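Keep in mind that this is a model prediction, so the values were computed, not measured.
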There are 2 protein chains.
Amino acid sequence: MLQLDYRDRRPLHEQIKEKIKTLIITGVLQPDERIPSVRELAQLLTVNPNTIQRAYKDLEAEGFIYSIRAKGSFVAPRERSAPHPRREELLQQLERNVAELMYLEEPLEQVLEIVYAVYKKGGLNG
Amino acid sequence: MLQLDYRDRRPLHEQIKEKIKTLIITGVLQPDERIPSVRELAQLLTVNPNTIQRAYKDLEAEGFIYSIRAKGSFVAPRERSAPHPRREELLQQLERNVAELMYLEEPLEQVLEIVYAVYKKGGLNG
DNA sequence: CTAATGTATTATATTTAATAATACAGTTAA
DNA sequence: TTAACTGTATTATTAAATATAATACATTAG
């Protein structure tokens, strides 16, 4: 799962961030569960620790993990009180994405199908 | 509408590409309608012509415009026969986006609201 | 012919991405 | 206390992406 794709020309720290986020939103990683240390993951992916650090820093800024010095980094529990930092951006992206699909004449039914499928099985994948 | 945002740290050619795509999917620009020449738009945005060229090249690769040497660049009519180059990617992005929203406990109703709104008014904005 | 078009090339400077090598501060366990 | 592991920060260096600049060429329209 944690394997880099070098044909993907997005920055490594971004790829890594997305992969970990996927593990979180699919429930593979549970709230307060520890994720690999910066140095561990760097070695596992044969990548510089600074690159992992950058990914973790961004994940923390987006509210998906939290880090404690000398202890490790952990999956952030979902905050029901405050609105999530990513919420507004995600809703805008959704609107944009749907609008583009509609322009390409993708049937509404197909779009709804995807939305329902995700919510039905409680997340990603199938 | 065609105004660059220098707080946005995405590359200029990408910002420009997205802005033109927005004009297309909102119907402001109609099929086969001519868009500004590379040099015109470069001057309008006070940006290098090569940067516009890059944006147009990407837009053409994604099937949103076509260019004819010595004539200009134009909005591509939607092809009903072949599947659009962007379709598969857009559907995957949609699934991912919805999954992340669900993880953040965004109600299904809110997501459906956005989808319906876009399809109802026939595109973006409101 | 002239002017405008898309397209291509080469060069240069700036910014970003990634690596490398350390260092510091705090925790945990021996 | 010590050793090993954490997150975090800094500085330096290299490589890649971005953007500008200056041309040039082929084609079309007037």
Side-chain angles (χ1 to χ4, degrees), chain A residues 2-21 23-24 29 31-77, chain B residues 2-21 23-24 29 31-77:
Chain A
L2 273 173
Q3 193 56 41
L4 295 180
D5 178 7
Y6 285 95
R7 292 165 303 181
D8 192 336
R9 48 249 173 248
R10 284 178 307 167
L12 294 178
H13 64 81
E14 196 175 314
Q15 285 187 53
I16 294 165
K17 184 187 73 172
E18 290 306 313
K19 284 183 187 302
I20 293 177
K21 195 189 289 184
L23 292 176
I24 293 176
L29 294 173
D32 292 313
E33 182 177 344
R34 190 172 179 277
I35 65 178
S37 77
V38 168
R39 293 172 179 83
E40 276 174 4
L41 190 51
Q43 186 164 17
L44 180 64
L45 300 181
T46 55
V47 124
N48 194 277
N50 295 346
T51 304
I52 305 295
Q53 177 64 25
R54 168 67 184 274
Y56 280 14
K57 188 181 170 188
D58 292 348
L59 279 168
E60 186 161 20
E62 289 186 14
F64 286 96
I65 70 172
Y66 63 94
S67 297
I68 304 179
R69 184 183 215 112
K71 296 190 115 174
S73 299
F74 308 85
V75 176
Chain B
L2 273 173
Q3 192 57 39
L4 294 180
D5 178 7
Y6 284 96
R7 291 164 306 180
D8 193 335
R9 47 250 174 250
R10 286 178 306 168
L12 295 178
H13 64 80
E14 196 175 313
Q15 285 188 52
I16 294 166
K17 184 186 74 173
E18 290 307 312
K19 285 184 185 301
I20 293 176
K21 196 189 287 185
L23 292 176
I24 293 175
L29 294 173
D32 292 313
E33 180 177 343
R34 190 170 180 277
I35 65 178
S37 77
V38 168
R39 293 171 180 83
E40 274 173 3
L41 190 51
Q43 185 164 16
L44 179 64
L45 300 181
T46 55
V47 126
N48 194 278
N50 294 346
T51 302
I52 305 294
Q53 177 63 25
R54 167 68 185 274
Y56 280 15
K57 188 181 170 188
D58 291 347
L59 279 168
E60 186 161 21
E62 289 186 15
F64 287 97
I65 69 171
Y66 62 95
S67 297
I68 304 179
R69 183 185 216 109
K71 296 190 113 174
S73 298
F74 307 86
V75 176

Name the pairs: protein N/O against N/O of nucleotides 26-28 of chain D, kept only if under 3.5 Å.
residue : atom : partner : partner atom : Å
D:dA26  : N3   : B:Arg69 : NE           : 3.3

All pairs passing salt bridge (Lys or Arg N to Asp or Glu O under 4.0 Å) where residues 36-56 of chain B contributes a residue, at least two apart:
B:Arg54-B:Asp58
When rounded to the nearest 0.5 angstrom, what distance separates CG in B:Leu4 from CG in B:Leu44?
9.0 Å
Can you name the side chain to side chain donor-acceptor pair (under 3.5 Å) partners of B:Thr51, sequence neighbours left out?
none
Could you say whether A:Thr51 or B:Glu60 is positioned toward the 5' end of DNA chain C, judged by the nucleotide with the nearest heavy atom to each?
B:Glu60
Straight-line distance of A:Ile52 CD1 to A:Ile20 CD1, nearest 0.5 Å
7.0 Å
Just by modelled atom types, is the B:Asp32 backbone N or O under 3.5 Å from a matching donor or acceptor in the B:Arg34 side chain?
no
Taken to the nearest whole Å, OH/A:Tyr56 to P/D:dT8 is 11 Å
Basic-acidic side-chain contact under 4.0 Å: B:Glu18, B:Arg10
no
DNA chain C contacts made by residues 31-48 of chain A, counting heavy atoms under 4.0 Å
A:Arg39, A:Val47, A:Asn48
Rounding to an integer number of Å, can you tell me how far B:Asn50 CG sits from C:dT7 P?
13 Å
What's the separation between atom NZ in B:Lys19 and atom CD1 in B:Ile16, rounded to the nearest 0.5 Å?
9.5 Å
The reported gap from CZ in B:Phe74 to CG in B:Leu29 (rounded to nearest 0.5 angstrom) is 12.5 Å
Which residues in residues 2-17 of chain B have at least one heavy atom lying under 4.0 Å from any atom of DNA chain D?
B:Pro11, B:Leu12, B:His13
Less than 4.0 angstrom between a side-chain N/O of B:Ser73 and OP1 or OP2 of C:dG6, yes or no?
yes
Once you round it to whole Å, what is the distance between P of C:dC24 and CD of A:Gln53?
18 Å
Got a sec, which pairs hit ring-ring contact (aromatic ring centres under 6.0 Å, His included) with one end in residues 32-61 of chain B, sequence neighbours left out?
none
Are the side chains of B:Ile24 and B:Ile65 in touch, meaning some heavy atoms are under 4.5 Å apart?
yes
Using a cut-off of strictly less than 4.0 Å, decide whether A:Ser67 has a side-chain nitrogen or oxygen near OP1 or OP2 of D:dT6.
no
The reported gap from CD in A:Gln53 to OG in A:Ser37 (rounded to nearest 0.5 angstrom) is 10.5 Å
Given atom OH of B:Tyr66 and atom C1' of C:dT7, what is their separation to the nearest angstrom?
18 Å
Whole-Å gap separating C1' (D:dT8) and CG (A:Leu59)
16 Å
What is the separation between atom CZ on A:Arg54 and atom P on D:dT10, rounded to the nearest whole Å?
15 Å
